[in-house]
Amino acid sequence: MEKKQATNMEVKKKNRNRVFRYICKHGIVSNPDISYDMKMSLPTVTQITKELIERGFIVENGELQSTGGRRAKALSAAINVKQAVGLDITKNHISFVLTNLTGEILNHVRIFLPYIHEAAYYCRVNEELECFLEESNADRKKILGVGISFPGIIDLGRQLITYSHILEVKMISFDSVSRFFNYPCCFLNDANAGAYAEGIRSDERERFFYLSLSNTVGGAIFDNNGLVQGKHFRCGEVGHMTVIPDGSKCYCGKNGCLDAYCRAAILSDAAGGKLEKFFNLLEKKDRRAAEIWDAYTGYLAVALNNIHMILDCDIILGGYVGSYAEPYLADIWNKVSERNIFTEDRQFVNSCRYKVGAAALGAALEVIENFVRQI
């Protein structure tokens, strides 16, 4: 009997969760809309929306236009009843994102703050976070938590940041970081966070590889509405696959890694450290910029073709370089096609949807999703 009760409660929770997601996605809807689209009985839907109204997660917004009968009540999600913060830690910067239950970016800030694994650093980050929330006019009582994107191996089983080559740290416990913040924290690898932002609320992108082209090169696989982590939480670490045997030195100590050829600095260093300036030069057909870009995309094409050969799925270009890549996709695709032995009926390389703050947003969405699953 207890097992049957538990099963019924689980089914009700699952249905309540599905209905809430439907309302978040579609904006203003009615009970008949939900019933028809989700193939649930109208009495069941009515009971679920009543519960969600009582709990403050959805609200009534008058009535919809009549289609011949009694006008249905208009329902919408109380999208700002809860919010989350995403924090993206890099070697020299911190990015903050504030989002709501629909994943809308309410505010985004990036500041210069070199990383160092010391109490003073995390105290400063917390101070900056509180300033960010103040500037965002955020109600602290609505904040569910902080999602932290970190450039390293995130071992969710052991609750550890086991290693970060770029930040030169290892074996950092989640607790040793989260204790500095006033909110519950969760942790994601930076590439995983970017992939999560691209995929978790998208109907179009069920399975893809996310290639993060930032200060470092990373990757992540998004599949079946979630991330593929791998046995040791290292799935997608393509930045350290060899593209040129005995090639250029990588910061990891190896030679010929993809990171050594496709990190963002390869481009920005040719324009005074400004990636935006490099792409401005490229747009103006600067000869030197064009030569550097041609070499860069040549190595990138090798990686894209290799990834596609193994995974046979779409690839999204993200990170700093990915945010500028859209106007140059045809060029990149042509180079990939030259190496592809199969005839593709469509282009499988795409630019990212989120041009700024993707990793921070993805980390915040992990907090939101953990909450929504409990509704």
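One-based numbering along the sequence shown.
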Asks: Going by an N to O cut-off under 4.0 Å, is there a salt bridge joining R234 and E237?
Replies: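 No, R234 and E237 are not salt-bridged.
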Asks: Tell me every residue that passes side chain to side chain donor-acceptor pair (under 3.5 Å) with N370, counting only those two or more places apart in sequence or in another chain.
Replies: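 Here the qualifying residues are R373.
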Asks: For E198 and Y354, test the side chains for any donor-to-acceptor distance below 3.5 angstrom and give the result as yes or no.
Replies: no
Asks: Regarding R346 and D314, does a basic nitrogen lie under 4.0 Å from an acidic carboxylate oxygen?
Replies: yes
Asks: Salt-bridge test for E134 and R140: reply yes if a basic N is under 4.0 Å from a carboxylate O, no otherwise.
Replies: yes
Asks: Taking NZ, NE, NH1 and NH2 as the nitrogens, is one of them in K91 or E168 under 4.0 Å from a carboxylate oxygen of the other?
Replies: no
Asks: Just say parallel, tilted or perpendicular for the rings of F222 and F208, cut-offs at 30° and 60°.
Replies: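 Because their plane-to-plane angle is under 30°, the rings of F222 and F208 count as parallel.
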Asks: Anything under 30° is parallel, anything over 60° is perpendicular, the rest tilted; go ahead and classify Y122 against H117.
Replies: perpendicular
Asks: Under 30°, 30 to 60°, or over 60°: which ring-plane class applies to H165 and Y251, parallel, tilted or perpendicular?
Replies: perpendicular
Asks: Taking atom types as modelled, is there a side-chain donor on S149 or D190 under 3.5 Å from an acceptor on the other?
Replies: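 The answer is no; no qualifying pair exists.
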Asks: Using distance alone, with no hydrogens and no angle criterion, decide if T49 and N31 have a side-chain donor and acceptor under 3.5 Å apart.
Replies: yes
Asks: Which label fits F348 and H308: parallel for a plane angle under 30°, tilted from 30 to 60°, or perpendicular past 60°?
Replies: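 Parallel.
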Asks: Could you give me the CA-CA distance, side-chain angles and deciding distance for E326 and R353, then say whether salt bridge (Lys or Arg N to Asp or Glu O under 4.0 Å) is met?
Replies: CA-CA 10 Å; E326 191 165 1; R353 178 180 289 114; over 6 Å; no
Asks: Please tell me whether F57 and F371 form a close aromatic pair, meaning their ring centres lie under 6.0 Å apart.
Replies: yes
Asks: As a test of understanding, state which of Q83, R201, K82 forms a side-chain contact (heavy atoms from CB on, under 4.5 Å) with I368.
Replies: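 In the set Q83, R201, K82, the residue that makes a side-chain contact (heavy atoms from CB on, under 4.5 Å) with I368 is R201.
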Asks: Is the backbone of L106 close enough, under 3.5 Å, to the side chain of E104 for a donor and an acceptor to pair up by distance?
Replies: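 No; judged by distance alone, with no hydrogens or angles, the pair does not exist.
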Asks: Quick one about D33 and S30 (side-chain donor to acceptor, distance below 3.5 Å, no hydrogens or angles considered), yes or no?
Replies: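 There is such a pair between these side chains.
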Asks: Provide the closest heavy-atom pair for I315 versus L304 in the form atom of the first, atom of the second, distance.
Replies: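 That closest heavy-atom pairing would be CD1-O, 3.4 Å.
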Asks: Decide, yes or no, whether a salt bridge links K14 with E10 under the criterion of side-chain N to carboxylate O below 4.0 Å.
Replies: no
Asks: Say whether K335 and T297, considering side chains only, have a donor N or O and an acceptor N or O under 3.5 Å apart.
Replies: yes
Asks: Is any NZ, NE, NH1 or NH2 atom of the basic residue among K12 and E51 found under 4.0 Å from an Asp or Glu carboxylate oxygen of the other?
Replies: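 No, no charged N to carboxylate O under 4.0 Å.
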Asks: Relative to each other, are the rings of Y115 and Y121 parallel, tilted or perpendicular (30° and 60° limits)?
Replies: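 The arrangement is perpendicular - the two ring planes meet at more than 60°.
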